Number of protein chains: 2
Amino acid sequence: MTTETPSSTSAPGEAESGGPRVVPTLEMVAALAGVSRATVSRVVNSSPKVTQQVVDAVNEAIEKLNYVPNRAARSLASRRTQVIALVVPETTAKVFSDPFFATVVQGIALYLSDTDYTLNMLISSETKSEKTRRYLMGGNVDGAIVVSHHSGDHSYAHLGQSLPMVFGGRPLAAEGESYFVDVDNAAGAAGATAHLIESGRRHLATIAGPQDMPPGLDRLSGWRRALSMHGLDQSLVEVGDFTPESGAAAMRRLLDRGVPIDGVFAANDQMAAGAYSAIYERGLSIPGDIAVAGFDDNFYGSTATPPLTTVHQPSHELGAKMAEVLVALIEGKSVEHVTTMPTQLLIRASTAV
Amino acid sequence: MTTETPSSTSAPGEAESGGPRVVPTLEMVAALAGVSRATVSRVVNSSPKVTQQVVDAVNEAIEKLNYVPNRAARSLASRRTQVIALVVPETTAKVFSDPFFATVVQGIALYLSDTDYTLNMLISSETKSEKTRRYLMGGNVDGAIVVSHHSGDHSYAHLGQSLPMVFGGRPLAAEGESYFVDVDNAAGAAGATAHLIESGRRHLATIAGPQDMPPGLDRLSGWRRALSMHGLDQSLVEVGDFTPESGAAAMRRLLDRGVPIDGVFAANDQMAAGAYSAIYERGLSIPGDIAVAGFDDNFYGSTATPPLTTVHQPSHELGAKMAEVLVALIEGKSVEHVTTMPTQLLIRASTAV
DNA sequence: TTGAAAGCGCTAACAG
DNA sequence: CTGTTAGCGCTTTCAA
């Protein structure tokens with residue numbers, strides 16, 4: 001990057017028209033208000049010990065000049081960046097097409113927009129993870145949020161010892177001291193399963209998610225919990241990988257067992273959609289022959305025929321909560337390591353009696 | 001050289017364990033390498049005029065100390081922030097569930113991860129637009145990217161005169177000097193329509209998008225262009241609002257006209273999906289009786305039965321291009337105001353012969 | 001309650 | 001090619 005500046009010193013951002021952009025400084029405000037820079041700084045940071053009179057004068061000057069504090073200067077002086085990093089592992093970014101993730105991010109951004117923090121989005125690919133790590137530890141951010149979709153991958157966990165961090169989704173291994181916000185997968189799954197039972201189904205199967213991912217594990221255990229509470233058989237389990245195809249395959253395997261099945265809980269909507277096709281292939285009906293419930297509440301479920309009963313995740317709130325926890329952490333408040341958000345059962349036609 | 005740190009001053013981010021986080025400074029690198037701070041700065045900024053020997057020594061010191069430049073200090077001194085704002089109008093954020101948008105953002109982030117720029121995401125609601133504006137103009141960012149989904153809303157356009165800005169999607173009114181990156185809607189639509197014609201269809205209709213949105217307008221004109229090139233009738237036009245329901249309604253109106261129709265181009269996949277249901281309602285088949293083509297390439301089209309022929313948008317590349325244009329603009333290079341990205345026709349079963 | 005002064009860590013002329 | 005010298009705009013003791 002050649003940093004030579006032509007003699008005319010055209011300020012960056014001056015663009016092609018308009019006069020030189022003049023950004024008012026705290027000093028100018030001080031001059032206009034007839035006080036010292038220190039006082040202006042106090043007003044800007046709402047220090048309690050400033051005369052109301054002075055406060056008003058300063059605010060008026062600020063208004064008049066359209067003054068906005070310069071973040072860089074502020075950071076440098078206060079040794080606080082007011083920046084929060086949003087780390088998105090590239091593998092997650094690929095699944096970006098999952099509306100769930102997008103909504104979580106939106107929740108984070110919206111929460112932060114009411115604070116003085118700014119969101120810095122980093123896509124961290126394999127090749128750049130070291131760069132990301134350095135950036136995080138280089139004093140460029142006050143904290144970080146790591147959204148790793150379903151994987152439970154907390155490879156940045158150890159950084160949590162030196163930088164406030166919050167993870168989305170519970171880690172696979174009990175990472176001891178890391179903070180995370182998660183949805184109550186087990187309770188959600190148990191609720192959906194209970195609903196199946198309450199609607200009269202007695203021969204329940206499940207299409208579980210990968211057993212090396214926390215949501216896969218937890219949703220399966222939720223299913224088991226509901227069944228054991230009712231003393232029902234728990235042997236009808238097949239595992240998929242969260243794709244529709246795997247759901248269809250799992251459903252076929254279940255049907256091939258030749259035992260009666262009148263209800264299925266799939267660990268996500270995609271697999272439930274896959275199950276639909278397998279069920280229809282065999283000439284069976286939904287919910288007539290088999291009731292189906294899913295998890296996630298996305299497009300696959302809502303557009304299916306019949307619409308899928310599923311477990312809705314409060315993705316927006318999840319994001320907001322992650323931001324909230326992180327900010328609390330940064331500000332030195334003590335926070336629970338684990339925050340669990342409740343899910344909501346969406347009853348639709350696929351489980352009608 | 002007073003680099004002493006008061007014993008009690010606990011650095012922020014010290015978290016609950018681990019020693020005080022010591023972030024190495026350029027000065028420490030200079031000392032270790034036995035050169036001046038200026039030289040270290042030159043090396044860090046890869047200035048060409050430094051002896052290789054010195055460069056190596058400095059880099060070694062950097063490595064040893066795990067030094068990362070402090071962005072705030074750098075910004076303050078260089079009067080460049082190296083930050084790019086991503087402005088997401090909240091209305092767009094609500095449509096966040098559209099994978100298109102998520103992918104565009106990903107493209108932006110990925111492009112920037114290879115540069116020294118950082119992405120700052122701002123959700124700008126009605127109530128906060130003034131805050132956003134101030135933030136942008138307060139010297140906190142070097143430039144901004146505004147992603148306004150389909151609306152063509154360039155309400156931030158006037159800021160472009162003082163801050164480098166790039167918009168996604170062409171503006172509704174010819175905003176004179178604003179920069180934008182868009183997909184070639186007209187060409188894409190013309191291509192899909194041409195494909196319909198080439199596959200033997202002669203009685204073509206279209207379900208156009210809202211005529212107050214650029215994509216709605218451009219896709220309709222693309223359809224017209226293809227028809228006029230073949231001297232076909234252009235009267236079978238109905239307008240929808242990009243929702244499946246509006247697509248179904250529009251299709252019903254078309255069928256109600258009582259004239260022969262053997263092909264339909266819908267301005268997006270959602271409306272095409274709606275058209276499917278209207279067509280099926282009348283007992284007609286796809287593509288047997290009517291061939292259907294859409295635009296966007298999303299879930300609605302790929303999961304439809306039969307899979308929908310549609311126009312794929314290079315969303316990832318679009319994002320990357322937006323970032324590229326903005327960076328060029330910031331660095332004073334001259335760039336075209338309009339950048340149009342090509343689309344790609346995805347031929348699937350809905351237009352089979 | 002307010003002001004003066006001393007930096008935060010880095011870049012950018014300007015000498016040498 | 002390298003070092004010296006000033007700041008960038010703001011916060012923060014420390015006095016007054």
Side-chain angles (χ1 to χ4, degrees), chain A residues 1-9 11-13 22-31 33-58 62 65 67-82 116 138-140, chain B residues 1-9 11-12 22-31 33-58 62 65 67-82 116 138-140 142:
Chain A
M1 184 167 66
T2 355
T3 315
E4 58 178 333
T5 317
S7 53
S8 63
T9 309
V22 50
V23 179
T25 68
L26 179 149
E27 176 142 27
M28 297 168 61
V29 175
V35 297
S36 74
R37 298 182 310 175
T39 300
V40 177
S41 174
R42 290 187 184 103
V43 173
V44 170
N45 295 291
S46 39
S47 153
K49 28 190 172 185
V50 185
T51 319
Q52 186 57 43
Q53 225 176 11
V54 179
V55 172
D56 293 339
V58 171
I62 288 179
L65 294 176
Y67 167 76
V68 180
N70 176 310
R71 271 182 176 264
R74 202 204 280 246
S75 296
L76 191 53
S78 67
R79 316 172 80 22
R80 236 173 303 115
T81 66
Q82 297 287 97
D116 275 327
N140 295 303
Chain B
M1 193 160 54
T2 6
T3 315
E4 58 179 333
T5 315
S7 52
S8 62
T9 305
V22 50
V23 180
T25 68
L26 179 149
E27 176 144 25
M28 296 167 61
V29 175
V35 298
S36 73
R37 297 183 312 173
T39 298
V40 176
S41 174
R42 290 188 184 102
V43 173
V44 170
N45 294 291
S46 38
S47 153
K49 27 190 174 185
V50 185
T51 319
Q52 187 57 43
Q53 224 175 11
V54 178
V55 172
D56 293 340
V58 172
I62 288 180
L65 295 176
Y67 167 76
V68 180
N70 176 310
R71 266 180 179 265
R74 204 206 279 248
S75 296
L76 190 55
S78 65
R79 321 179 69 26
R80 237 174 300 116
T81 67
Q82 298 287 98
D116 276 327
N140 295 302
D142 288 348

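We name chains A, B, ... by the order of the sequence lines, and we start the count at 1 in each one. The structure presented is a predicted model; accordingly, all values stated were derived computationally and were not measured.
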> Could you give the distance from NZ (B:Lys49) to OG1 (B:Thr39), rounded to the nearest 0.5 Å?
Replying inline: 12.5 Å
> Atom CG of B:Leu76 and atom C1' of C:dA12: how far apart are they, to the nearest Å?
Replying inline: 13 Å
> How do A:Pro48 and A:Ala38 order along DNA chain C: which one's closest nucleotide is nearer the 5' end?
Replying inline: A:Pro48
> Tell me, do B:Leu26 and B:Pro69 make a side-chain contact under 4.5 Å, heavy atoms counted?
Replying inline: no
> To the nearest angstrom, how far is B:Arg71 atom CZ from C:dT11 atom P?
Replying inline: 11 Å
> Would you say a side-chain N or O of A:Ser36 is under 4.0 Å from OP1 or OP2 of C:dG3?
Replying inline: yes
> Nearest-Å distance, CZ (B:Arg79) to C1' (C:dA13)?
Replying inline: 14 Å
>> Rounded to the nearest 0.5 Å, what separates atom CZ in B:Arg74 from atom CG in B:Asn45?
In response: 5.0 Å
> C:dG9 P sits how many Å from B:Gln82 CD, rounded?
Replying inline: 20 Å
> Regarding B:Arg79 and A:Asn70, is there a side-chain donor-to-acceptor distance under 3.5 Å anywhere?
Replying inline: no
> Which nucleotide of DNA chain D is the first, and which the last, in the 5' to 3' direction, to come under 4.0 Å of a heavy atom belonging to chain A?
Replying inline: D:dG9 to D:dT13
> Within a reach of under 6.0 Å around CG of A:Asp116, are more than 12 heavy atoms found that belong to other residues, nucleotides or ligands?
Replying inline: no
> Rounded to whole angstroms, how far apart are CZ on A:Arg74 and C1' on C:dG9?
Replying inline: 18 Å
> Roughly how many Å is it from CZ in A:Arg80 to P in C:dG9, rounded to a whole number?
Replying inline: 14 Å
> In whole Å, what is the span from the CZ atom of A:Arg42 to the C1' atom of C:dT1?
Replying inline: 8 Å
> Considering all heavy atoms of both residues, which atom of A:Met28 and which atom of A:Val23 are nearest to each other, and what is their separation?
Replying inline: SD-O, 4.5 Å
>> Do B:Val29 and B:Val58 make a side-chain contact, defined as non-hydrogen atoms from C-beta onward lying under 4.5 Å apart?
In response: yes
> Between B:Ser41 and C:dT11, is there a side-chain N or O to OP1/OP2 distance below 4.0 Å?
Replying inline: yes
> Looking for any heavy atom pair under 4.0 Å, which part of the strands does A:Val54 touch: base, sugar-phosphate only, or nothing?
Replying inline: sugar-phosphate
> What is the distance from CZ of B:Arg37 to C1' of C:dA12, rounded to the nearest Å?
Replying inline: 12 Å
> Does B:Ser75 put a side-chain nitrogen or oxygen below 4.0 Å from OP1 or OP2 of C:dC10?
Replying inline: no
> So which one's nearest nucleotide on DNA chain D is more toward 5', B:Val50 or B:Ala73?
Replying inline: B:Val50
>> Students often get this wrong, so: under 4.0 angstrom with heavy atoms, is A:Val44 touching a base, only sugar-phosphate, or nothing?
In response: nothing
